[in-house]
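Structure record follows, encoded as structure tokens.
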Amino acid sequence: MLHPYHQPRGGRIIGYRCLRRTWKRRPQCRCRLLAVGEKVRGTSRNPEAGGFPSTLEVVQADLERPETLPAVLAGADKVFLYAKPEEIEAFLAAAQSAGVRQVVPLSSVSVVMATSEQNPIARMHRTVELAIERSGLDWTFIRPGMFATNARWWWGESIRGEGLVRLPYPEAQNAPVHEKDMAALAVTTLTQLGHSHQAYTVHGSESLTLRRQVEHIGEALGRPIRVETVSVKQAREEFAERAPSNVAEALLRMWAEWAADHADDFR
């Protein structure tokens with residue numbers, strides 16, 4: 001969780017709260033906020049494990065423990081967060097009590113897809129969005145597609161240990177978003193005017209097959225990485241070790257839908 005503070009020309013201190021999990025994207029946001037002159041405070045449920053620099057002030061807080069939020073939100077003007085449905089109402093109550101004006105949640109492109117009602121990831125994020133809309137607070141929704149950095153936990157272990165990636169649909173495609181681009185957008189919504197009641201859908205610059213994404217990693221490493229096609233059952237079992245079952249199912253369903261839609265391209 002990151003907390004940038006901005007001193008505007010009028011002299012009033014505005015606090016921007018970035019309540020985040022211990023995600024690999026966090027340093028990008030923190031570094032960019034520092035680069036535009038923000039004073040940043042780090043927040044984590046476990047500060048000792050957060051990897052924060054020693055020069056950064058760190059405050060312990062947890063979205064799953066609402067009693068920790070008032071102190072964290074005191075003086076905040078805007079909030080950037082990733083929240084689950086079971087956390088959002090308590091957070092919004094604390095934010096309103098603290099005088100927060102705008103909330104910027106990290107949502108998901110899945111909420112605007114045709115299959116959103118059947119997608120557990122979409123339902124989770126849309127529940128959070130609706131709660132924020134009903135709260136009366138100002139809001140900006142950031143709805144990214146696939147994060148490129150997800151490859152680290154999907155494929156990192158098998159690449160390091162075996163030099164291969166196992167995929168059920170290697171020709172399925174997506175347009176992964178670099179975490180630097182997502183951080184730039186987050187910082188823009190927090191530090192510039194004109195983003196109230198806007199929802200931004202974000203994709204990467206190029207649609208790539210999963211096979212080609214693996215090839216790019218191999219090129220960066222300077223060695224080939226083999227792609228092994230596996231059954232959906234095997235892929236589900238491997239994903240279950242790295243992600244909640246609903247997330248794994250949503251990813252497999254997305255890739256299966258792409259494969260079905262483009263089957264004629266391979267006949």
Side-chain angles (χ1 to χ4, degrees), residues 18-21 23-26 28-29 32 79-85 87-88 102-134 138-155 167-190 194-214 216 235 239 242-262:
C18 299
L19 302 181
R20 308 260 329 247
R21 296 280 188 262
W23 285 22
K24 298 299 184 183
R25 288 177 283 279
R26 183 186 60 205
Q28 295 291 341
C29 184
R32 286 177 179 271
V79 178
F80 178 51
L81 80 160
Y82 177 91
K84 299 176 183 178
E87 302 166 345
I88 191 62
Q102 184 179 20
V103 178
V104 181
L106 184 65
S107 185
S108 168
V109 70
S110 61
V111 303
V112 296
M113 296 174 68
T115 58
S116 61
E117 292 186 2
Q118 293 77 45
N119 187 327
I121 297 176
R123 292 197 301 269
M124 178 186 77
H125 285 289
R126 188 56 183 152
T127 298
V128 170
E129 289 186 352
L130 288 171
I132 293 171
E133 289 177 5
R134 291 192 301 265
D138 225 347
W139 52 264
T140 307
F141 298 153
I142 300 179
R143 296 169 171 167
M146 197 70 67
F147 280 107
T149 193
N150 286 348
R152 299 170 69 176
W153 60 267
W154 286 346
W155 307 331
L167 296 169
Y169 303 104
E171 305 311 320
Q173 288 187 260
N174 57 49
V177 184
H178 197 297
E179 61 269 24
K180 289 182 179 179
D181 295 328
M182 282 307 310
L185 177 58
V187 170
T188 296
T189 64
L190 290 167
H195 302 286
S196 175
H197 286 201
Q198 300 295 315
Y200 299 116
T201 300
V202 190
H203 293 285
S205 59
E206 184 179 1
S207 181
L208 300 167
T209 66
L210 301 181
R211 186 187 301 277
R212 182 61 184 133
Q213 292 176 43
V214 174
H216 276 306
F239 271 131
R242 299 174 176 83
S245 59
N246 62 336
V247 174
E249 287 297 331
L251 289 170
L252 291 170
R253 187 181 303 114
M254 178 188 68
W255 291 339
E257 288 172 357
W258 186 94
D261 291 343
H262 294 270

>> Using the side chain to side chain contact (heavy atoms under 4.5 Å, CB included) criterion, which residues pair with A131? Sequence neighbours excluded.
In response: I88, E89, L92, R134
>> So, using salt bridge (Lys or Arg N to Asp or Glu O under 4.0 Å) as the criterion, who are the partners of R212 when residues are at least two apart?
In response: E215, E219
>> Tell me which pairs pass salt bridge (Lys or Arg N to Asp or Glu O under 4.0 Å) where either residue lies in residues 103-121, with sequence neighbours left out.
In response: none
>> I'd like to check the side chain to side chain donor-acceptor pair (under 3.5 Å) partners of S110; sequence neighbours left out, ordered by chain and number.
In response: S108
> Sequence neighbours excluded, which residues qualify as side chain to side chain contact (heavy atoms under 4.5 Å, CB included) partners of P176?
Replying inline: A148, N174, Q213
>> Nearest 0.5 angstrom please: M146 CE to L208 CG, how far?
In response: 12.0 Å
> So do P170 and T209 actually touch side chain to side chain, heavy atoms under 4.5 Å?
Replying inline: no
> What pair of heavy atoms forms the shortest contact from G204 to V177, and how long is it?
Replying inline: N-CG2, 3.4 Å
>> If I compare all heavy atoms of I142 with all of A186, which pair ends up nearest, and what's the gap?
In response: CD1-CA, 3.9 Å
> Can you tell me how far CZ of F147 sits from CZ of R152, rounded to the nearest 0.5 angstrom?
Replying inline: 13.0 Å
> Got a sec, which residues hit side chain to side chain donor-acceptor pair (under 3.5 Å) with S196, two or more places apart in sequence or on another chain?
Replying inline: D138
> Of all residues at least two apart in sequence or in a different chain, which pass the salt bridge (Lys or Arg N to Asp or Glu O under 4.0 Å) check with R143?
Replying inline: E129
>> Please identify which of these residues, T189, L185, I132, L190, meets the side-chain contact (heavy atoms from CB on, under 4.5 Å) condition with T140.
In response: T189
> Does some side-chain heavy atom of V104 sit less than 4.5 Å from a side-chain heavy atom of H195?
Replying inline: no
> Can you find a heavy atom in the side chain of Q102 that is under 4.5 Å from one in the side chain of F80?
Replying inline: no
> Ignoring hydrogens and geometry, is there a side-chain-to-backbone donor-acceptor pair from T188 to A184 under 3.5 Å?
Replying inline: yes
> Under the side chain to side chain contact (heavy atoms under 4.5 Å, CB included) criterion, do H203 and V109 qualify, and how do the steps go?
Replying inline: CA-CA 9 Å; H203 293 285; V109 70; 3.8 Å; yes
>> What's the separation between atom NE2 in H125 and atom CG in L106, rounded to the nearest 0.5 Å?
In response: 7.0 Å
>> Checking T201 now: which residues fulfil side chain to side chain donor-acceptor pair (under 3.5 Å) with it, not counting sequence neighbours?
In response: none
> Can you name the closest pair of heavy atoms from P144 and S107 and give their distance?
Replying inline: CD-O, 3.4 Å
>> For H178 versus K180, what's the shortest heavy-atom pair and its separation?
In response: ND1-N, 2.9 Å
> Which residues pass the side chain to side chain contact (heavy atoms under 4.5 Å, CB included) test with E133, sequence neighbours left out?
Replying inline: R126, L130, W139, F141
